[in-house]
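Note: hydrogens, waters and symmetry copies are ignored here, and every other heavy atom, side chains too, is used. Numbered from 1 within each chain, the chains take letters A, B, ... in sequence-line order.
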4 protein chains.
Amino acid sequence: MARKLVPEQHESKRREILAAAHRCFLRHGLQGASVAVICNEAGISPGHLYHYFPSKEAIVEQMADDYLAGLHAHFARHTQGEPVATVLLSELWSMEGWDDLAHCRILFELLAEGGRNDKIHAILQANSEGVRKLLAATITAGQQRGEVDPGLDADQTSAVLLAVLDAAPMLPLMTAGLDFESCRALITTMVGRFLRPQ
Amino acid sequence: MARKLVPEQHESKRREILAAAHRCFLRHGLQGASVAVICNEAGISPGHLYHYFPSKEAIVEQMADDYLAGLHAHFARHTQGEPVATVLLSELWSMEGWDDLAHCRILFELLAEGGRNDKIHAILQANSEGVRKLLAATITAGQQRGEVDPGLDADQTSAVLLAVLDAAPMLPLMTAGLDFESCRALITTMVGRFLRPQ
Amino acid sequence: MARKLVPEQHESKRREILAAAHRCFLRHGLQGASVAVICNEAGISPGHLYHYFPSKEAIVEQMADDYLAGLHAHFARHTQGEPVATVLLSELWSMEGWDDLAHCRILFELLAEGGRNDKIHAILQANSEGVRKLLAATITAGQQRGEVDPGLDADQTSAVLLAVLDAAPMLPLMTAGLDFESCRALITTMVGRFLRPQ
Amino acid sequence: MARKLVPEQHESKRREILAAAHRCFLRHGLQGASVAVICNEAGISPGHLYHYFPSKEAIVEQMADDYLAGLHAHFARHTQGEPVATVLLSELWSMEGWDDLAHCRILFELLAEGGRNDKIHAILQANSEGVRKLLAATITAGQQRGEVDPGLDADQTSAVLLAVLDAAPMLPLMTAGLDFESCRALITTMVGRFLRPQ
DNA sequence: TATGAATGAGGGTTCATTCAT
DNA sequence: GATGAATGAACCCTCATTCAT
């Protein structure tokens with residue numbers, strides 16, 4: 001019985017390390033966060049990290065997958081029977097446990113890294129594809145209910161909307177002194193006008 | 001006159017190095033591209049680089065500024081007296097000398113770096129602000145000509161549109177097998193529906 | 001009696017670990033074989049190894065002693081009343097449970113290590129001395145029987161012959177495509193001509 | 001002209017480092033000698049070593065090749081027109097710049113390493129083959145002059161003799177209190193009796 | 001007996017940068 | 001202007017070993 005707890009402890013330590021790594025990646029970047037810094041943040045010795053992960057690379061990949069799956073999971077929770085535009089936009093600004101800036105920065109790290117690292121690229125695509133299909137299904141359902149312009153291709157439209165959602169975190173980075181809440185409302189408006197039957 | 005050429009040679013060498021650095025940053029990331037690799041790509045010795053730039057940091061900053069100013073310049077050329085949506089979207093897919101993927105990757109590097117590096121953040125904001133103001137002016141002009149919904153706040157709308165433009169390069173990274181041309185048309189449609197008077 | 005089995009189990013586990021260590025030393029070298037790899041090969045946990053041996057060093061020493069004692073034991077079995085050359089050469093190529101290359105490699109590891117590690121050096125000398133004395137006795141007996149040149153010093157001759165025997169495994173390492181059987185016969189010839197009364 | 005010296009300086013520094021590495025390998029073993037120790041012995045900083053060698057592995061390989069080529073070169077100098085046994089044995093104990101123990105230890109390191117490292121194995125074989133062919137030619141010449149038993153196969157005999165030569169350094173390692181000079185004479189006797197016409 | 005979590009020093013290697021030439 | 005030798009801190013990772021369970 002005490003025995004049975006061991007794998008759970010192992011898993012929970014893994015998660016602690018991933019969380020620590022995540023914080024470090026935000027502070028220093030995927031490449032800039034050293035194993036030493038991550039271990040320090042996680043409160044473990046440098047060697048011990050390798051009892052939980054085979055390499056720093058593996059940590060990055062797991063973190064990427066977990067982070068993106070988190071987005072996915074959150075989004076999936078809201079897709080049942082809600083008006084289309086609301087659902088689409090609920091994802092971005094209501095993720096729990098993440099402040100907006102954190103969200104945006106890790107995503108941009110992953111987009112940058114995904115451009116030159118095949119594994120990250122694959123993780124990015126796999127997770128995006130998951131959300132995108134939910135989005136496409138939501139759009140198709142909206143079209144059947146007459147809420148969405150039937151002339152829009154669900155696959156392409158979902159891809160574009162996904163990009164729009166993920167672009168929102170750029171706003172505070174690029175433009176200072178912006179009222180994020182107003183911009184959020186504006187994006188909601190834009191998506192609403194885009195989707196509604198003409 | 002021979003004298004006068006020397007500073008020009010200096011400047012032209014600087015540009016060569018920046019171009020080499022840019023290629024390396026695309027291949028390895030801002031942090032992953034080492035000074036040695038950059039010098040190799042530029043065909044100069046490691047020590048010599050420091051006759052042109054005081055540090056690697058300075059190279060990154062100059063490259064960021066040049067790259068974003070390039071976007072700015074390109075965009076500025078097209079803003080006079082053209083229909084609004086055309087203007088807005090001309091930037092993205094017609095940049096000369098850059099293939100789309102390259103474009104997107106450096107931008108994401110900069111967004112990621114900008115989240116934790118104040119100088120890069122400032123460069124990002126300064127350049128974005130330049131483009132955004134052009135955009136806002138275009139929108140205001142459009143509103144006066146009756147082409148654009150007068151209810152939209154020009155400042156916020158321009159910021160959102162800028163984010164949408166910069167989000168487009170995400171598409172091929174996140175979704176495989178996408179027809180980029182169709183998505184481009186879809187974005188044009190979205191922006192058109194967003195802006196037009198209701 | 002159940003009690004009495006425990007120390008035997010302990011001893012048998014020790015031998016298993018030594019055998020595993022031996023395989024690892026062949027694969028990676030004395031220094032290159034890590035405790036982790038040895039434990040893995042032996043199927044035990046890293047901590048548990050230290051219930052059987054106080055250190056990796058101790059494993060190396062015990063393995064060296066066992067290995068060399070194995071040579072000794074094998075050789076000792078054949079020294080009674082047989083023709084000298086036969087005795088001398090029986091050792092090398094008929095050792096059971098060892099293929100020739102394995103044999104040579106561990107020996108060379110030990111010779112290399114013995115040059116800078118006093119304990120290994122002592123083990124090497126002690127075991128060699130054991131075999132050498134048997135060899136010297138065989139030679140002296142041969143001299144008394146008139147089979148061996150009485151002008152040869154038994155001590156020095158035995159040392160030289162021991163070196164010759166241990167050198168044989170070099171052959172396949174240094175020369176490719178060699179007929180080992182023919183070389184073995186050639187060494188027999190050499191030793192025969194060396195020892196016989198002139 | 002000062003320019004032309006640079007590559008020579010580079011080469012001379014390489015040799016210094018190789019010599020330092022060689023001393024360290026003798027003290028600590030091929031695997032046991034750390035890059036830090038080698039750099040310390042060579043009087044350079046840890047990073048600087050990599051301006052001269054791409055890896056520690058490359059240092060080992062170059063050292064192996066140089067060392068074995070040194071044996072080769074020395075031996076080649078003595079093969080013309082001298083009595084066979086003298087030639088064969090001149091190599092071992094008269095090498096300049098090497099004390100006997102050093103000689104033996106590096107050789108055993110290489111034999112051990114050669115058993116599990118293909119590159120070292122190849123270097124070992126290539127160099128041995130060089131010496132062995134000289135030896136075979138010497139034997140054939142001796143057979144034609146009637147100094148050597150015509151019944152001996154030159155290729156196999158040369159291989160066996162090479163092993164015997166390289167085995168000599170084992171003597172002081174395995175047997176304490178041995179008179180090396182007497183053993184040397186004994187080996188000369190053995191080889192002489194082996195080769196002479198029967 | 002047996003585990004595997006934990007350590008921290010040290011492994012080989014790369015880094016941005018400096019400086020004599 | 002231009003080189004590349006030189007630095008030493010820091011990189012990711014592995015090591016032999018200890019200890020609570």
**Item:** Any C/Ile106 side-chain heavy atom under 4.5 Å of C/Met63 side chain
**Value:** yes
For this session: Determine whether C/Ile123 and C/Tyr67 make a side-chain contact, defined as any pair of heavy atoms from C-beta on separated by less than 4.5 Å.
Result: no
Result for side-chain hydrogen bond (donor to acceptor under 3.5 Å, both in side chains) between C/Arg14 and one of C/Gln62, C/Gln9, C/His51 points to C/Gln62
_Quick one, A/Asp66 and A/Arg15 - any side-chain contact, counting heavy atoms below 4.5 Å?_
yes
Between CD1 of B/Ile44 and C1' of F/dG1 the distance, given in whole Å, is 11 Å
Would you say the side chain of D/Leu18 lies within less than 4.5 Å of the side chain of D/Phe53, judging by non-hydrogen atoms?
-> yes
Whole-Å distance, A/Glu16 CD to E/dA5 C1', equals 13 Å
Between CD of D/Gln9 and C1' of F/dT3 the distance, given in whole Å, is 13 Å
Is the shortest heavy-atom distance from the side chain of C/Ile44 to the side chain of C/Lys13 under 4.5 Å? yes
In short, C/Arg116 meets D/Leu26 closest at the heavy-atom pair CD-O, 3.8 Å
Expected list for residues 48-62 of chain D near DNA chain F, using heavy atoms below 4.0 Å, is D/His48, D/His51, D/Tyr52
Rounded to whole Å, NZ of A/Lys13 lies from P of E/dA5 at a distance of 11 Å
Ion pair D/Arg105/D/Glu109, N-O distance below 4.0 Å
no
All stems that DNA chain E takes part in, i.e. 3 or more consecutive Watson-Crick or G-U pairs with distances under 3.5 Å, are E:2-21 with F:2-21
| So do the side chains of D/Ile120 and D/Leu30 get within less than 4.5 Å of each other, counting heavy atoms only? | no
Note: contacts of residues 28-41 of chain B with DNA chain F (heavy atom, under 4.0 Å) are none
| query | In terms of ring plane angle, is the pair D/Phe108 and C/Phe108 parallel, tilted or perpendicular, where the classes change at 30° and 60°? | reply | parallel
